[in-house]
Undergrad: 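First the structure, which I've put down as structure tokens, then a few questions once you've had a look.
In what follows, chains carry the letters A, B, and so on, assigned in the order in which the sequence lines appear, proteins first and then strands, with residues in each chain numbered from 1.
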Amino acid sequence: MRSFICKLLTPLILLLLVGCSAGESNVSQGNREGILHFGNGSEPQGLDPHVVTGVPESKLIDALYEGLTRKNPWTLEPEPGAAASWTFSEDRRVITFKLQPEGRWSNGDPVTAHDFVWSWRRALDPAMGNLYAYMLYPVKNAEAYATGKLQDPEQLGVRALDDHTLEVTLVEPTPYFLQLLDHYSTFAVPRQVIEQFGEATDRFTRWTRPGNIITNGPFRLTEWKLNRRIVVEKNPHYWDAEAVQLNGVVFYPTENLVSEERMFRVNQLHYTNDVPLDKIPAYRAMPDSPFVEAPYLGTYFYLLNTERPPLDDVRVRKALSLAVDRAKLARSVMHDLVTPAWSITPPGTLGYQPPKLFGYEPERARALLAEAGYPGGEGWPGLELIYNTSESHRKVAVALQQMWKDVLGIEVTLSNQEWKVYLDSVSEMNFDMARRGWIGDYVDPNNFLDLYLSDGGNNNTGFSDPVYDEMILERAPQAKTREERFRIFHAAETRLMEEMPIIPVYTYASKHLKHPSVKGLPPNLMDFVNFKTIRLEPVDVHEFEVP
Amino acid sequence: MWKFVASRLLQAVPVILAVITVTFFLVRVAPGGPFDSEKAVIPEVKAALEAQYRLDQPLFQQYVAYLGDLAQGELGPSFKYPGRSVNELIAAGLPATAELGLYALLVAICIGGVAGVIASLKPNTAQDYIPMSLAMIGICMPTFLLGPLLVLVFGIHLEWLPVSGWGDMPGDKLLPSLTLGAAYAAYVARLSRAGMLEVLSQDYIRTARAKGLPEWQVITRHALRGGLMPVVAFLGPAFAGLLAGSFVVETIFQIPGLGRFYVQAAFNRDYTMILGTTVFLSTLIVLFNLASDVLAAWLNPRLRSQFGEA
């Protein structure tokens, strides 16, 4: 028996002994070898740009592939990517792209205009089940093809004039179209590899595995260990390989914020996907703080069900919104990380400033509620606010619940729901009031304002205004200049906020921890990371002492 | 003996079938579906996706088709990770989880067994109370508290051990194993103490002492084998429990194991993944229970003879 116990103990003791020498950290090894260690949030669904939908996926795909344009991480303006240049026709409905003459897949094959034609057909094919197919809807006949009303892909407004010339015809002039071309749903995928492993639209094949996949971006895939790490290395066939400074990137699925922050503290990561809210004050207080924050193109708001009493009364909706002290919320709950929002579009979207029709006005809020028949909260029938289970959503909801009680004297009950249950409640409009967030897919007010079209799939409030629809769908696209277009958007958004189908709460902010060695990774409105511009200039930080 | 094993295996079939049936229909009743997302899904796209996963067929037909696939060992494609089958995801997560479970079990046996035996030697004295109080704390302390505490002390303050990972750096397996094993060590301590106390009052122990054996030989030669019987019976279900219940530890330490897939599958309404992991884990639990029964019989001559007659 004793020898049996010895046999059990030996491996454990050995483990303990080996454990005491922690070895070189990822950051110092990475700095030496030019490898970036990147916290990427969660395990990606996959690497097929026409299948996936999430943010972690977009980071990986931006490293591996390249669209016709690529965003400049400082200005967010589209710059040449797989396309070297482009010209617009007189009526701005036809765009002719000249592809990079040296554009190549990671196996050395040239990237041609035919690759893009084939890929866009695939992205729009209804059988593909691409959730982001609508990103290509500005292209002629794209919507009809994606919804099965048109069968012939030849009629799509995209064709190859020769190997390196791609002609795209739009339904109407679309000022933000170039912005869409660096969204992964418009990327080219390697036909030769996909067809080798199955049908073009088959979601279940193995073409994206290491060894099979080829891509046209600055990096190529070398290792993919589920829930562990994904490794990419510099792609020597990339047309602009000289400009790429990193030798590789290791992406970690860092789902647990607290663990991610610990990894950063002991130099296991160069960059974190997020920062726990309660750690922010301590990091901010540090000299040479690694904490980086920036406004984010997204709005946090509450949906109001305008079809249910008492929220069918615009005065009640306004009273609720005017009673919210957004500045106080941002300060006390959100550590001044976010800025108060007064409308749906985040301010500064390509220079666009949304209307601000109201402020924190407790007196007026009380008067409106009294007018609606609930003076001082008398006779208030009660309301329920739903949110998806999360500590930060709960904190915001509790703060607003208290404000409504203090200012208006009314009770709002809170109810948290598991994610999919919450999504179901929202899409079925089975709620009085519901938390919602919207993150822009591209930098343009249209991306936020088309949410509230009468038949918009993401409307979920019952708001319907034919004049608003006409402004967004007809008048704005016809505008001759950006100023005129923004004036129309402004007028439409004013109409929207006068009806108050939503309570805007705050504009999101992105937050990360960034090791001082990392350069060329600026914070921006889209939280966009261009791995091409990142470089490592070794700075030795033994460990981050967080007070 | 073989008859016993065969009959137990036969009994397991309806149990597992019942688990599959209940799980299959329960996950479909839950609100929300695998393709619901924050952004509205175009109806044509949703229809195409449902067709790819057979969700457009009547529910009962889907059930029959699933059983058909299962009979061939196919657990189907994952909803959340297109391009990966559930078989592949389980195979990817199992090694880390099984290794973690095994180490945790070793921790449990070593620490718990020793503590329990020490406590049993002088019942109702400090030598009994101290390890048993520690065991009580171990049972009560949830892993989501113990894990971060150990990380804070050994990972961040003392810098002896890595704060997360699995097999990436030397020593990164130690803290997760300790965290997961601690609660089980506490159970083992209590079980082995009770088992030892019972055995130590038996006549054959008095005989051993009377014939003049030194006390340590009485314990190791005669008492341990009987005293640890309850622990052996506990090991099978415990190991299955460790496999199914390592989710929290896997999350704290970023371990690429099965537990994380399992829980995320429920949140994602990844129907095939929920079913696949449930079927897999329930089969394991049945097998481990059987294995620990067989082991207990092998260690206990009285039970062994019963099997012989059966």
Side-chain angles (χ1 to χ4, degrees), chain A residues 1-2 5 8-9 11-12 15-16 18-23 43 45-46 48 51-53 126-131 133-134 146-148 203-208 225-229 252-256 258-259 262-263 265-266 268 418-425 427 437 456-458 543, chain B residues 30-33 36-42 44-49 52 77 80-85 89 92-93 103 106-107 109-110 113 148 151 155-156 159-166 168-174 177 220-221 224-225 251-257 260-261 267-269:
Chain A
M1 185 54 95
R2 249 193 317 174
I5 291 175
L8 284 178
L9 278 174
L12 278 175
L15 258 174
L16 187 69
V18 193
C20 293
S21 55
E43 174 68 24
Q45 278 181 289
D48 186 332
V51 167
V52 303
T53 51
M128 191 70 222
N130 177 6
L131 294 175
Y134 65 84
T147 51
R203 297 162 72 85
F204 308 131
T205 74
R206 301 174 61 89
W207 79 266
T208 55
K225 286 206 165 150
L226 271 176
N227 262 348
R228 192 176 280 237
R229 64 172 168 268
Y252 297 88
T254 48
E255 215 144 278
N256 182 332
V258 182
S259 304
R262 281 198 304 256
M263 286 172 78
R265 252 202 271 178
V266 295
Q268 296 303 100
E418 184 253 3
W419 178 240
K420 292 277 182 177
V421 179
Y422 153 85
L423 288 179
D424 193 57
S425 303
S427 69
N458 295 305
E543 188 181 308
Chain B
D36 288 346
S37 83
E38 204 162 13
K39 300 189 176 176
V41 180
I42 304 162
E44 289 81 5
V45 167
K46 194 165 181 176
L49 287 171
Q52 290 213 21
K80 168 76 180 174
Y81 303 103
R84 299 213 180 248
S85 68
L89 291 171
Y103 291 151
L106 284 182
V107 168
I109 294 169
C110 294
V151 167
I156 292 179
E159 292 182 48
W160 288 358
L161 295 166
V163 294
S164 67
W166 188 256
D168 299 325
M169 259 175 296
D172 62 5
K173 295 179 181 177
L174 198 64
S177 311
T220 53
R221 284 255 183 98
L224 269 184
R225 184 158 172 171
T251 309
I252 295 172
F253 294 97
Q254 315 249 9
I255 297 168
R260 272 166 84 183
F261 279 131
F267 288 135
N268 294 328
R269 303 287 188 275

Undergrad: As an exercise: rank A:Trp419, A:Trp207, A:Tyr252 by heavy-atom pairs under 4.5 Å with chain B and give me the winner.
TA: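 Looking at each option in turn, the highest pair count goes to A:Trp419.
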
Undergrad: Quick one: does any side-chain atom of A:Asn458 pair with a main-chain N or O of B:Lys39 as donor and acceptor, under 3.5 Å?
TA: no

Undergrad: Evaluate the side-chain proximity of B:Ile252 to A:Arg262: yes if any heavy-atom separation is below 4.5 Å, no if none is.
TA: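 They are in side-chain contact.
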
Undergrad: How about B:Pro82 and A:Gln45: do any of their side-chain heavy atoms sit closer than 4.5 Å?
TA: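 B:Pro82 reaches A:Gln45 side chain to side chain.
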
Undergrad: May I ask you to say whether A:Glu43 pairs ionically with B:Lys80, meaning some side-chain N is under 4.0 Å from a carboxylate O?
TA: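 Salt bridge: no.
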
Undergrad: If you define the side chain from C-beta out and look only at heavy atoms, does anything of B:Arg84 sit under 4.5 Å from A:Thr208?
TA: no

Undergrad: Could you tell me which residues satisfy salt bridge (charged side-chain N to carboxylate O under 4.0 Å, His left out) with B:Asp36, sequence neighbours excluded, listed by chain and number?
TA: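 Checked B:Asp36 against salt bridge (charged side-chain N to carboxylate O under 4.0 Å, His left out); matches are B:Lys46.
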
Undergrad: Looking at chain A, which one of B:Ala40, B:Gly257, B:Gly33, B:Ser37 has the largest number of heavy-atom pairs inside 4.5 Å, strictly under?
TA: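 Heavy-atom pairs under 4.5 Å are most numerous for B:Ala40.
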
Undergrad: Can you tell me how far the OH atom of A:Tyr422 sits from the CD atom of B:Glu38, to the nearest 0.5 Å?
TA: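 CD of B:Glu38 is found 5.5 Å from OH of A:Tyr422.
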
Undergrad: Quick check for you: among A:Val51, A:Val52, A:Thr254, which has the greatest number of heavy-atom pairs under 4.5 Å with chain B?
TA: A:Thr254

Undergrad: Can you tell which of A:Gly148, A:Gly457, A:Ser259, A:Pro253 has the highest number of heavy-atom pairs within less than 4.5 Å of chain B?
TA: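 Top option by heavy-atom pairs under 4.5 Å: A:Ser259.
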
Undergrad: Hey, could you give me the CG/CZ distance between A:Leu226 and B:Phe261, rounded to the nearest 0.5 Å?
TA: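 Atom-to-atom, A:Leu226:CG and B:Phe261:CZ are 4.5 Å apart.
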
Undergrad: State, to 0.1 Å, how close B:Ala48 and A:Ala127 come at their nearest heavy-atom pair, and which atoms those are.
TA: CB-CA, 4.2 Å

Undergrad: With distance as the sole test, does A:Arg228 use its side chain to make a donor-acceptor pair with the main-chain N or O of B:Trp166 at under 3.5 Å?
TA: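 Yes, A:Arg228 side chain to B:Trp166 backbone: donor-acceptor pair under 3.5 Å.
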
Undergrad: Which pair of heavy atoms, one from A:Asn256 and one from B:Gln254, lies closest together, and at what distance?
TA: O-NE2, 3.8 Å

Undergrad: Which bit of A:Asp48 comes within less than 4.5 Å of chain B, counting heavy atoms only: side chain, backbone, both or neither?
TA: neither

Undergrad: Using non-hydrogen atoms and a 4.5 Å limit, figure out which bit of A:Glu255 sits close to chain B: side chain, backbone, both or neither.
TA: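 It is both, since atoms from each part get that close.
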
Undergrad: A:Thr205 versus chain B, heavy atoms under 4.5 Å apart: side chain, backbone, both or neither?
TA: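 It is the backbone, since no side chain atom gets that close.
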
Undergrad: In terms of heavy-atom proximity below 4.5 Å to chain B, should A:Ser425 be classed as side chain, backbone, both, or neither?
TA: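 No part of it gets close to chain B.
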
